[in-house]
Amino acid sequence: MIKTPYYLIDKQKLLGNLEKIAYVREQSGAKALLALKCFATWSVFDLMQQYMDGTTSSSLYELKLGRQKFVGETHAYSVAWADDEIPEMLANSDKVIFNSIGQLERFAEVSADKVRGLRVNPQVSSSDYLLADPARPFSRLGEWDPEKIATVVDKVSGFMFHNNCENGSFELFDEMLGTIEERFGHLLEQVEWVSLGGGIHFTGDDYPLDQFCARLKAFSERFGVQVYLEPGEAAITLSSSLEVTVLDTLYNGKHLAVVDSSIEAHLLDLLIYRLNAKMEPCTGEYTYMVCGKSCLAGDIFGAFQFERPLAIGDRLSFIDAAGYTMVKKNWFNGLKMPSIVVKQLDGSVEVVREFGFDDYLSSLS
Ligand SMILES: *Cc1c(COP(=O)(O)O)cnc(C)c1O
């Protein structure tokens with residue numbers, strides 16, 4: 001038995017998402033780039049790169065990871081480039097997308113031979129969280145004034161919009177794309193490519209894929225642009241789990257179970273957005289609040305149902321643990337970091353990475 005805690009990536013489940021992405025590429029003509037900020041576990045890129053066109057990044061290190069580990073196109077985006085990052089950024093990218101007119105102009109000369117784009121903020125978003133809303137008041141994410149953008153349109157050949165956020169509604173996607181067409185249509189006509197970013201949950205069950213493809217195709221044809229999608233979560237959703245073991249049980253007015261992991265250290269995004277971890281099945285008459293072993297009082301995965309009382313040594317599995325998890329894991333409390341395990345397509349299970357004390361030691365000095 002593999003020692004917990006570990007993240008388990010199931011390639012068969014990943015494949016379900018990838019096949020939908022491939023279908024969208026075929027039917028719509030759009031290209032799909034993996035957004036590394038969501039998922040950067042490169043040991044499964046061998047499979048992912050067969051179904052996607054490359055990667056997009058939010059920093060120089062993500063950019064270099066994409067270049068080294070994922071075949072295809074490598075897009076460079078950063079909220080702000082530092083001067084000393086520019087030579088490596090140019091050497092490792094196929095396209096660079098600047099976040100502001102200021103950055104575009106600052107690096108216009110050095111990037112003159114590069115395929116360049118600008119991030120545009122359409123000031124509409126699907127986010128339920130201010131923290132994650134690119135269209136929040138005073139947002140620094142992209143230029144929003146069409147008149148200002150028109151003054152630099154000759155310096156770029158494309159635009160990037162990223163305004164969808166966990167958006168599972170095709171109607172809302174369609175409506176916001178309509179806003180983009182209305183406000184920026186005259187500019188879209190002057191460029192060759194448009195990235196519509198990530199946050200579109202088109203790999204979910206019941207998403208109207210054919211309508212989505214038709215909409216992308218119509219957009220592409222209307223403006224004469226190559227469309228890119230930048231799925232993060234949609235590419236890896238429901239493909240992985242976090243496997244843990246019960247270390248202790250307590251009764252303090254509620255039944256509690258403490259496991260050998262921590263929501264703060266290993267599923268941090270859930271804590272930030274105040275969401276519970278997910279478990280399936282979650283049925284039975286026994287309710288436990290499952291807690292982490294860090295000393296943070298609120299290190300709680302959630303309350304779950306079980307068929308029988310939990311015992312020390314029981315294994316539990318939190319599902320849907322691929323996106324914004326492994327990229328955010330940290331050494332809080334010096335807890336053992338979960339290993340990374342891959343279930344290959346032939347069913348064999350392989351531990352691809354273990355972390356130990358030396359990794360903790362080398363993360364600080
Ligand atoms: C976060 C982000 C993505 C990926 O978003 P998901 O919600 O994970 O699909 C894509 N593009 C840009 C510019 C982003 O900031």
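Both ligands and their constituent atoms are indexed starting at 1 by order of listing.
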Proximity winner for atom 11 (N) of ligand 1, if only heavy atoms of E230, M160, H75, E166 are counted
E230
If you group Ile, Leu, Val, Met, Phe, Trp and Tyr by side-chain heavy-atom gaps below 4.5 Å, do L90 and L65 land in one group?
yes
Could you tell me whether the side chain of T74 reaches within less than 4.5 Å of the side chain of N92, counting heavy atoms only?
no
Note the single closest protein heavy atom to atom 8 (O) of ligand 1, along with its residue, its atom name and the distance in Å.
Y324 OH, 2.6 Å
Looking at side-chain heavy atoms only, is the closest gap between V327 and K37 below 4.5 Å?
no
Mind checking whether A234 has an N or O less than 3.5 Å away from an N or O of ligand 1?
no
Of G323, G199, A132, the residue with the heavy atom nearest atom 6 (P) of ligand 1 is G199
Decide whether Q344 and S348 meet the rule of one side-chain donor and one side-chain acceptor closer than 3.5 Å.
no
Element-labelled atoms of ligand 1 that are located less than 4.0 Å from some non-hydrogen atom of A35:
3 (C), 4 (C), 10 (C)
Based purely on interatomic distance, does K37 place a nitrogen or oxygen under 3.5 Å from a nitrogen or oxygen of ligand 1?
yes
Any N or O of G232 that comes nearer than 3.5 Å to an N or O of ligand 1?
yes
Does NZ in K217 sit with more than 12 non-hydrogen atoms of other residues, nucleotides or ligands closer than 6.0 Å?
no
For the residue pair S239 and D10, confirm or rule out a side-chain donor-acceptor distance under 3.5 Å.
no
Ligand 1 to E233 polar contact by distance, N or O atoms, under 3.5 Å
yes
